[in-house]
2 protein chains.
Amino acid sequence: MNNREISLGEIIRQQRVTIPLTLQELAQKTSVSPSHLGRMERGERFPSARILRKIAGPLGFEEDELFTLAGYLSPHPSTVAESRPSYSSGRLDPYVSKVLANEPIEVQHAVIGILSILKSLSKSIAKETPQG
Amino acid sequence: MNNREISLGEIIRQQRVTIPLTLQELAQKTSVSPSHLGRMERGERFPSARILRKIAGPLGFEEDELFTLAGYLSPHPSTVAESRPSYSSGRLDPYVSKVLANEPIEVQHAVIGILSILKSLSKSIAKETPQG
DNA sequence: ATTGACTTTCGCCATTTGGCAAATTATAAT
DNA sequence: ATTATAATTTGCCAAATGGCGAAAGTCAAT
């Protein structure tokens, strides 16, 4: 239920590859050097608030969300529960949430529709050619 | 209307002396060295998030409030307007706010009552002895 | 004026952050 | 397999943070 054993670096890397972005791409979006980003992700450097703020947006985090994950802010008591999908496995990825939120409702529905078509397609293909 | 010309250091010092606390006292409350606190206040050092977080409580700031003042967080769009008295001249001092908030309502009312009595007293005294 | 206690500032240092460029590793494409 | 290209990691460095102890101010009491 709790993701206490996952580090900030891992979270950041997961987000980045999920989007997906390379270190260099994220670097130029954020004006943070790729080497630094890399070291952050594998826990060799601990990002300062300035850096954290730079990367929050492009990674799809709310600033305070990332600050909380970094242990800079204590968990936001009220706001978190009510509206934001804060990072944890099983919940909506914040980047996806952000992007979809910018789309019209019909588009959001269409995305879901396409997803369900793909899922059923892959299922029937798997049935036709059961290898393994 | 905007306090853009006042620096974080000045804000911190104002808070500290208003409470009032010496650098050493604040230092031992926060586990931050007095020399560092002093340099922060006069703008020679820029506090990290870790330090900022340590000093927020004892100075009567909400963590995110101080982060915002430091430029680590962009101004909180929704929360600020609705409930918090964020730092600016003419508004309720956050330390006062914090202390009063810890008191029962009757006490808070009593404080206001006493204040109004003192004000009317000083007014009538001023009338009796009008000196240039 | 001078002593004494307290408060603030300064000098110095270890540690950390974060960037640049080179080296290494992974990924294709032939 | 080999070469080309992109992605990540490493080595090294400058700059900044933050602590400790000494020096310099402040201020009251004698």
Side-chain angles (χ1 to χ4, degrees), chain A residues 6-61 63-74 93 95, chain B residues 6-61 63-74 93 95:
Chain A
I6 195 173
S7 73
L8 177 66
E10 296 178 69
I11 292 173
I12 292 176
R13 173 152 295 185
Q14 275 186 21
Q15 268 311 111
R16 178 177 62 82
V17 301
T18 300
I19 288 182
L21 285 175
T22 69
L23 283 175
Q24 323 199 55
E25 288 166 337
L26 181 58
Q28 82 169 33
K29 273 182 187 294
T30 58
S31 304
V32 176
S33 74
S35 60
H36 192 50
L37 289 172
R39 282 195 258 241
M40 281 171 34
E41 290 186 350
R42 75 193 102 101
E44 294 174 26
R45 289 285 192 284
F46 199 73
S48 73
R50 178 180 130 252
I51 298 289
L52 226 41
R53 196 185 180 193
K54 281 185 174 180
I55 68 176
L59 283 182
F61 287 105
E63 284 178 11
D64 54 346
E65 191 175 1
L66 202 47
F67 273 62
T68 303
L69 287 169
Y72 285 158
L73 241 37
S74 24
D93 176 295
Y95 178 75
Chain B
I6 195 174
S7 74
L8 177 66
E10 296 177 68
I11 292 173
I12 292 177
R13 174 152 295 183
Q14 274 185 22
Q15 270 309 112
R16 178 177 62 80
V17 301
T18 301
I19 290 183
L21 286 174
T22 69
L23 283 174
Q24 322 199 56
E25 288 166 337
L26 181 58
Q28 81 168 34
K29 272 181 189 294
T30 58
S31 303
V32 176
S33 74
S35 59
H36 192 49
L37 289 172
R39 282 193 256 241
M40 281 172 36
E41 290 186 353
R42 75 194 102 101
E44 295 175 26
R45 288 286 193 284
F46 200 73
S48 72
R50 179 180 129 253
I51 298 287
L52 227 42
R53 195 184 181 193
K54 281 185 176 180
I55 69 177
L59 283 182
F61 287 105
E63 283 178 12
D64 54 345
E65 191 176 2
L66 202 47
F67 273 62
T68 304
L69 286 169
Y72 285 158
L73 241 39
S74 24
D93 177 296
Y95 178 73

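Labels below follow one simple rule: chain letters A, B, ... track the order of the sequence lines, proteins then strands, and each chain is numbered from 1.
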For this session: Please report, rounded to the nearest Å, how far the P atom of D/dG19 is from the CG atom of B/L37.
Result: 8 Å
For this session: Decide yes or no on side chain to side chain contact (heavy atoms under 4.5 Å, CB included) for B/L37 and B/T30, but give the supporting numbers first.
Result: CA-CA 10 Å; B/L37 289 172; B/T30 58; 4.3 Å; yes
Exercise. What string of B, S and - do you get for nucleotides 3-16 of chain D, 5' to 3', when a contact is any protein heavy atom under 4.0 Å?
Worked result: ----BBBBBB----
Seminar exercise, completed: Sorted by chain and number, sequence neighbours left out, salt bridge (charged side-chain N to carboxylate O under 4.0 Å, His left out) with A/R42 holds for A/E44
Seminar exercise, completed: side chain to side chain donor-acceptor pair (under 3.5 Å) filter on A/S35, not counting sequence neighbours, yields A/S33
For this session: Take A/R16 and A/L23 through the test side chain to side chain contact (heavy atoms under 4.5 Å, CB included) and record every step on the way to the result.
Result: CA-CA 8 Å; A/R16 178 177 62 82; A/L23 283 175; 3.4 Å; yes
Exercise. Sequence neighbours excluded, which residues qualify as salt bridge (charged side-chain N to carboxylate O under 4.0 Å, His left out) partners of B/R13?
Worked result: B/E41
Tabulate protein N/O versus nucleotide N/O from nucleotides 24-27 of chain D, keeping only pairs under 3.5 Å, one per line.
none

Listed pairs under 3.5 Å, donor-acceptor, residues 54-61 of chain A side chains, sequence neighbours left out:
{"from": "A/K54", "atom 1": "NZ", "to": "A/S31", "atom 2": "O", "distance (Å)": "3.4"}

Problem set entry | Parallel, tilted or perpendicular, as decided by the 30° and 60° cut-offs, for the rings of A/Y72 and B/F67 | tilted
For this session: Please report, rounded to the nearest Å, how far the C1' atom of C/dC6 is from the CD atom of B/Q28.
Result: 14 Å
Exercise. Between atom CZ in B/R50 and atom P in C/dT15, what is the gap in whole Å?
Worked result: 14 Å
Problem set entry | B/I51 CD1 - C/dT16 P separation (whole Å) | 14 Å
Seminar exercise, completed: In whole angstroms, the gap separating C1' of C/dG19 from CD1 of A/I55 amounts to 16 Å
For this session: Mind running side chain to side chain contact (heavy atoms under 4.5 Å, CB included) on A/L66 and A/L8 for me, showing each step along the way?
Result: CA-CA 9 Å; A/L66 202 47; A/L8 177 66; 4.1 Å; yes
